[in-house]
Number of protein chains: 4
Amino acid sequence: MLLQIDLQSEVPIYTQLVHNIIEGIARKELLPGEALPSVRSMAADLGINLHTVNKAYNILKQDGFVQVNRKQGAVIHPASFPLADEQYQLRLQEQMRPLIAEAICRGMSSEQFKVISEQIYSQFSIGEEKEDG
Amino acid sequence: MLLQIDLQSEVPIYTQLVHNIIEGIARKELLPGEALPSVRSMAADLGINLHTVNKAYNILKQDGFVQVNRKQGAVIHPASFPLADEQYQLRLQEQMRPLIAEAICRGMSSEQFKVISEQIYSQFSIGEEKEDG
Amino acid sequence: MLLQIDLQSEVPIYTQLVHNIIEGIARKELLPGEALPSVRSMAADLGINLHTVNKAYNILKQDGFVQVNRKQGAVIHPASFPLADEQYQLRLQEQMRPLIAEAICRGMSSEQFKVISEQIYSQFSIGEEKEDG
Amino acid sequence: MLLQIDLQSEVPIYTQLVHNIIEGIARKELLPGEALPSVRSMAADLGINLHTVNKAYNILKQDGFVQVNRKQGAVIHPASFPLADEQYQLRLQEQMRPLIAEAICRGMSSEQFKVISEQIYSQFSIGEEKEDG
DNA sequence: GTGGTCTAGACCACG
DNA sequence: GTGGTCTAGACCACT
């Protein structure tokens, strides 16, 4: 698992960490039940403070993506991830609306937008479809 | 033009303002050349600080969505909006990637995601489908 | 609002703060919409670190008891408090079960337990019932 | 005696163990004089550390619920359990107050609360109501 | 060795 | 002046 943190970004480090880990899960590089590095070791690896890592882990725990085991530290949630329920879909729409509004202003059609979405989707499923066949 | 500001939101007010105006443009409620309310009146209407409105207008100006004249104040850019160039598309992908990653983790398929995108797109083009025909 | 913090207690300070504020709401000393002290001033008043106060406020925010306004700081949630839904009742039962189990072992009857509950309830509604009459 | 340990819980494992055993006593599944499993076997059964079981047993001993002999190991206190003295009642009230405060905030009446208490009480006395008659 | 808690001090975004 | 973020270092509870 390769984590890419941009210390200069306006996006908070702990948010970047959360995103990185969720993307790792989506890419199936991080599998259910898999242990995450301890806050100390990850902080050392990234050259950041352990509290920053801790905050990211706690957000992921609260969102249901990881469990924080008493002895083992943090592990990817072994059983189930949170579902795409109505509440989530509403939140997603709230997040997408400004992006789509700007896309429209810049003359991007719905089809172009869907192509971009499709591209990103395919980035997360490289080498998967064949395995089922 | 109805502006909806949520003071409890984690999204900064000036960002909400920027989003609201871009959405107004996308919805064609704000037309090229149209004047925006003065900083003072909009701040009074929304019960927020002058600086906040000013900051939003400056961002929109910098992004090329509005022009700021001494006389007229801020107007929707009368000539051209910024294009969906490569730089923009890269930025858009950066913004969409974490959203799509979470959607994948929650079991949302590419098709479902495109349906949601389509829905939002259609919200911005009510009553103008005929224009393409 | 008088806050009583026991620095020697095994209960974390931020938890004591959360309890204190919820009890203040229950006692109607803290009314909906009322502003809480800023994290800095409360931390100074109690002689603790502002981060500890911050953590307490964030928990209360997450639980829906306070709103954190962008300019005003923290205020008691002006509209509605979280409800006693099924999920809450299950959590409450989980918290009560060990207490009641020990009470049973010590020979306390259901009636005695209810008397104690009633006493605590009445501590939160001193001087209220008369106002309705 | 079925012990249910939740490794993901925020409640320390030794505390969960203490609760489980006290609940077993309250449910009369564990009778006075009955031997508890050895530290070693219980730790093995639950897949937890020896020290953790040991700590739980020591707390129970200190509270007067079990006796620890060199030969037999730990046994449920054969003679008398600790009483519901004033000191205990004060502690109980301290533990209940925050729970009741939150219940009040969530709109739960004293009657509703007593119903829940009654339900939990009845869970501990299944099949023994006749003994009082 | 793990995370949890607390302290202290700093800078920044926001309004 | 407000909370948000990050750092640094410390102690403790748990296992």
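Quick note on labels: first sequence line is chain A, next is B, and so on, each numbered from 1.
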Using whole Å, report how far [atom1] of [X] lies from [atom2] of [N].
X     : N      : atom1 : atom2 : answer
C:Q8  : F:dC12 : CD    : C1'   : 14 Å
C:L50 : F:dG3  : CG    : P     : 9 Å
C:N49 : E:dA10 : CG    : P     : 13 Å
C:L36 : F:dT2  : CG    : C1'   : 14 Å
C:H51 : F:dA8  : NE2   : P     : 14 Å

Is there a side-chain polar atom (N or O) of [X] under 4.0 Å from OP1 or OP2 of [N]?
X     : N     : result
A:T52 : F:dC6 : no
C:Y14 : E:dC6 : no
A:S38 : E:dT2 : yes
A:N54 : E:dG4 : yes
C:K55 : E:dT5 : yes

Taking NZ, NE, NH1 and NH2 as the nitrogens, is one of them in A:K61 or D:E10 under 4.0 Å from a carboxylate oxygen of the other?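 Salt bridge between A:K61 and D:E10, a charged N being under 4.0 Å from a carboxylate O: no.
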Presence of salt bridge, B:R97 and B:E102, under 4.0 angstrom: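 No, no charged N to carboxylate O under 4.0 Å.
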Given side chains that start at C-beta, do those of C:L17 and C:I48 come closer than 4.5 Å, heavy atoms only?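 Contact flag for C:L17/C:I48 side chains = yes.
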Can you identify which nucleotide, out of F:dC14, F:dT5, F:dG3, has its nearest atom closest to the A:P12 side chain?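 Within the option list, the nearest is F:dT5.
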From C-beta outward on C:V68, which listed nucleotide comes closest to its side chain: F:dG4, E:dG3, E:dG15?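 Nearest listed nucleotide: F:dG4.
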Return whichever of C:R40 or B:V11 has its heavy-atom-nearest nucleotide of DNA chain E closer to the 5' end.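 Nearest nucleotide further toward 5': that of C:R40.
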More than 12 non-hydrogen atoms from neighbouring residues, nucleotides or ligands closer than 6.0 Å to CZ on B:R40, yes or no?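 Result for CZ/B:R40: open.
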